[in-house]
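Written below as structure tokens is the structure these notes are about.
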Amino acid sequence: WLQQGSRGLFGNVFEDDVYILIDTSQSMKDKLPLVKEKVFQLIQEQLRHKKRFNFIKFSAQALAWREKLAEVNEENLQDAWLWIKALKVGSSTNTLKAIQIALADTDTQAIYLLTDGRPDQPPPIILAHVQIHCKVPIHTVSFNCDDIEANKFLHGLSTETEGRFHCYNIYLTDPDAAEFIVSEDIHLLKREIEQGERDLEKVKTFHDECLMIDYCNGESYLDNKKSREESPEEGISPEKKRFSIRKSVKCTTTCKGKLPEQESLGGAGNNISPAVFVTNGASFEAKVCRTAAQRIGTQRATGAEGYCNKALTSVARLLPVPKLLGLQQLSYVHGMRQHLFFSSSLDISSALWLKTHGLVARRLTIMDALAPTAVPHGTKYIPVLDKHVVSKVFDEILPLAHVSNNKKWITLINPQAVNLGAYKEKLEQAIKSYERRLNLVIWRALPQEERDKFKEDGPVQYMQHKEALLEALENLGWPISYEDVILLEDEILAASTYIQQASDLQEAVKKETEKSSESRLSNNKKSKSKKNKKVQVFVTHKSQKVIARSDITGFYYAGTVIKNINSTCALVNLNNGETCTVPVKFIIPVGGAMPCPYLQVGDYVFARTGTQTGNEYYVPAIVIATPKSMEMGDKLHTVLMFNNRKEHCVRSGLIKISQMKYAFSCRYIR
């Protein structure tokens, strides 16, 4: 899938705003038709599902299809394809200029660079220029390039910018370039597959060793117990007391004699059906008897307790039970598996068992749950002050903290970012497993007389009958280790404490959230009340000189205020003979002690214009040039009028305004 269509050349395009840089140097002359075909596939398969895109071709010079990123639509995609079809080869390879154009667009999320050779500039210069800019991933595409140095540069460029390196080569001539043939995406997948295959081989080796160890233990057991088999118990044949696994010369799955299914259910228990089964190429013959549990118990008494039980468990799991055993043998083998599992886990001490199943081993402590959002917070000694200073910068963001037992370390925590509910569920499951083990350990140590006192079929709950169970164990002289009981009980209490701490944190988070929401609501109410209060602006002085907007033309004319009608409007007599009511926001006082700030290029102004003094009016404009300070005489500012005409004005003919007022003024001109 990664090698089909445009993905075979460009890989998977993940970003939404991308630049595609295409090398059109002289060396691309024979390769350009294939590049155009792949770019067309890229447009159809991937770019049409993005937000914005742009193309840049580069040879001696670099030229972009659009000045900025263009929106993805059918018109732009069609126009871009026509531009790609018209590409022609040039001379050299100005890679740096193409990258500079792409990086100049601040909205660029990724750059895809396709080239077939070394750039004009030294690679260190390009890498240094890329490092100056913010991290924009540059995904490099080596197109039929067998130049080892060029490929090293492209690989280094993609690595430096956290991009991906793709190699498309069907004309390989340099054998040293073989290491760059595989694209990075494919390389990562192949490496994962190879790791899985190595792990699988290790597991197969371990499995074969496990079977062989069990085979050896079985043979030695038969030799040691031969005398015991010669005098069997009454009613039980020697063959029934064996569970042996021995190597067979056969290499296929076969059956010797009659299968249990072929005989009557009553006779199935008296006949043994040796079954040869194949596992990992090794063939074994197993005789399954109903007294195999006695064999396992005897083996436990020997030195190979733990390892042999594990080996037997793996062999028992591999038995082809549904095909080779009858109903009675099927139920027996199932019970044997359970017996093996519980026996092997209960026989080890609780201290050893908790090393792999305890709260610390399973990373279920409260700090393990909060670790992803925890921030260590310590003090720093300042010699000048002779004090330990602590920063409070995180106090508002992370208001809760965990203090160590010795009160030397503080860890800021953020319970809001942790799923404490799921954490509590894991703790409850852990408590159940500890209680189950504790119940089984104690129940197994009690004789039948003590078990009958509780009037229950299975293990009783330790927490509910704690005093009675401890008293019984005390009377029996502690057949099990007292430490095993205490360790499991402490682990249960620790888990319960963590659950309580998690609940307390949830409650604290709830209170903090309510507190912050209340403060946010009060702030919103205050801001709304401020917005609702109307700002009253009055033109207080009658006969004040102003410039005001005319509703007829939209220009601003000089005039005089006659009177204030209300807080938002005033009656103004304009110099063009018009008397009108003008909103206060379209009135600007002039004359008198008015501010006259220094103007810079790009400032928005009202510029005075008009051929005659009586017909003067003000129009919106932008300052595009200012006079030199050393010039003598009238110093003229050059402004660009709203109608794109240039005018030269003296400073007294300009009134500085805001960008918003400039935009409104242009909109109201008829």
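The structure displayed is predicted, hence computed values, not measured ones.
The structure places CG of Asp484 at 7.0 Å from CZ of Arg437, a figure rounded to the nearest 0.5 Å. Here the OG atom belonging to Ser350 is positioned 11.0 Å from the CG atom belonging to Asp490, to the nearest 0.5 angstrom. In this structure, CD1 on Ile486 lies 9.5 Å from CG on Leu493, to the nearest 0.5 angstrom. Annotation: the span from Ile431 atom CD1 to Arg436 atom CZ amounts to 12.5 Å, rounded to 0.5 Å. Residue Leu420 holds its CG atom at 11.0 Å from CD of Gln501, rounded to the nearest 0.5 Å. Note that CG of Leu470 and NZ of Lys466 are 6.5 Å apart. Values are rounded to the nearest 0.5 Å.
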Next on the checklist: Set out, in order, the CA-CA distance, both residues' side-chain angles and the distance that settles side-chain hydrogen bond (donor to acceptor under 3.5 Å, both in side chains) for Glu15 and His139, then state yes or no.
Outcome noted: CA-CA 11 Å; Glu15 300 82 6; His139 308 292; 3.2 Å; yes

Checklist entry - Given the rule in the side chain to side chain contact (heavy atoms under 4.5 Å, CB included) test, do Gln506 and Lys424 qualify, once you have shown the distances and angles that lead to the verdict? => result CA-CA 11 Å; Gln506 286 179 319; Lys424 289 164 64 176; 3.1 Å; yes

Checklist entry - side chain to side chain contact (heavy atoms under 4.5 Å, CB included) between Lys432 and Gln429: does it pass, once the steps are laid out? => result CA-CA 5 Å; Lys432 289 180 180 178; Gln429 293 174 1; 5.6 Å; no

Item to check | Intermediate values then yes/no, side-chain hydrogen bond (donor to acceptor under 3.5 Å, both in side chains), Thr205 and Asp208 | outcome: CA-CA 5 Å; Thr205 304; Asp208 292 342; 6.0 Å; no

Checklist entry - What do the steps show when you test Arg451 against Leu446 for side chain to side chain contact (heavy atoms under 4.5 Å, CB included), and what is the final call? => result CA-CA 6 Å; Arg451 293 180 184 180; Leu446 295 177; 4.1 Å; yes

Checklist entry - Which is it for Tyr462 and Glu489 under the side chain to side chain contact (heavy atoms under 4.5 Å, CB included) test, yes or no, and what are the steps along the way? => result CA-CA 9 Å; Tyr462 171 79; Glu489 188 176 352; 3.1 Å; yes

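Aromatic ring orientation, Tyr434 versus Trp353: perpendicular (interplanar angle above 60°, classes split at 30° and 60°). Between His155 and Phe165, the ring-plane angle classifies as perpendicular under the 30° and 60° cut-offs.
Side-chain contact check for Glu471 and His465: no donor-acceptor pair (N or O, by modelled atom type) lies under 3.5 Å. A donor-acceptor pair shorter than 3.5 Å can be found between the side chains of Asn439 and Gln461.
Between Ser433 and Arg362 the shortest side-chain heavy-atom distance falls below 4.5 Å. At a threshold of 4.5 Å between non-hydrogen side-chain atoms, the residues Val418 and Ile413 do not count as touching. A heavy-atom distance below 4.5 Å is not found between the side chains of Gln46 and Phe14. Between Arg444 and Leu440 there is no side-chain heavy-atom pair separated by less than 4.5 Å. Within the 4.5 Å cutoff, the side chain of Val130 has no heavy atoms near those of the Val136 side chain. At a threshold of 4.5 Å between non-hydrogen side-chain atoms, the residues Leu469 and Trp443 do not count as touching. Contact annotation: the side chain of Ile442 never approaches that of Val460 to less than 4.5 Å [non-hydrogen atoms, C-beta and beyond]. In this structure the side chain of Asp17 never reaches within 4.5 angstrom of the side chain of Lys50, judged on heavy atoms.
Remark: Lys355 engages Leu352 in a side chain to side chain contact (heavy atoms under 4.5 Å, CB included) (not counting sequence neighbours). Every residue two or more places apart in sequence or in another chain was checked for a salt bridge (charged side-chain N to carboxylate O under 4.0 Å, His left out) with Glu435, and none qualifies.
Considering all non-hydrogen atoms of both residues, Thr161 and Ile138 come closest at OG1-N, 3.0 Å. Looking at every heavy atom in both residues, Pro415 comes nearest to Leu505 through CG-CD2, 3.9 Å. Between Tyr423 and Leu364 the shortest heavy-atom distance is OH-O, 2.6 Å. Across all their heavy atoms, Met367 and Thr411 have their closest contact at CE-CG2, 4.1 Å. Nearest heavy-atom pair, Thr140 versus Ser158, reported as atom, atom and distance to 0.1 Å: OG1-CB, 3.5 Å. Across Val13 and Tyr112, no two heavy atoms sit closer than the pair CA-OH, 3.3 Å.
Using a distance-only test at 3.5 Å, with no hydrogens or angles considered, a donor-acceptor pair links the side chain of Glu491 to the main chain of Leu359. With Arg164 contributing its side chain and Thr159 its backbone, the two residues share no donor-acceptor pair below 3.5 Å.
Sparse packing is recorded around CD of Glu192, with 12 or fewer heavy atoms of other residues, nucleotides or ligands lying under 6.0 Å away. Atom CD of Glu467 has 12 or fewer neighbouring heavy atoms from other residues, nucleotides or ligands inside a 6.0 Å radius.
Ion pairing between a basic and an acidic side chain is recognised when a charged N comes within 4.0 Å of a carboxylate O; Arg191 and Glu194 show no such pairing.
Residues Phe10 and His166 place their aromatic rings such that the two centres sit no closer than 6.0 Å.
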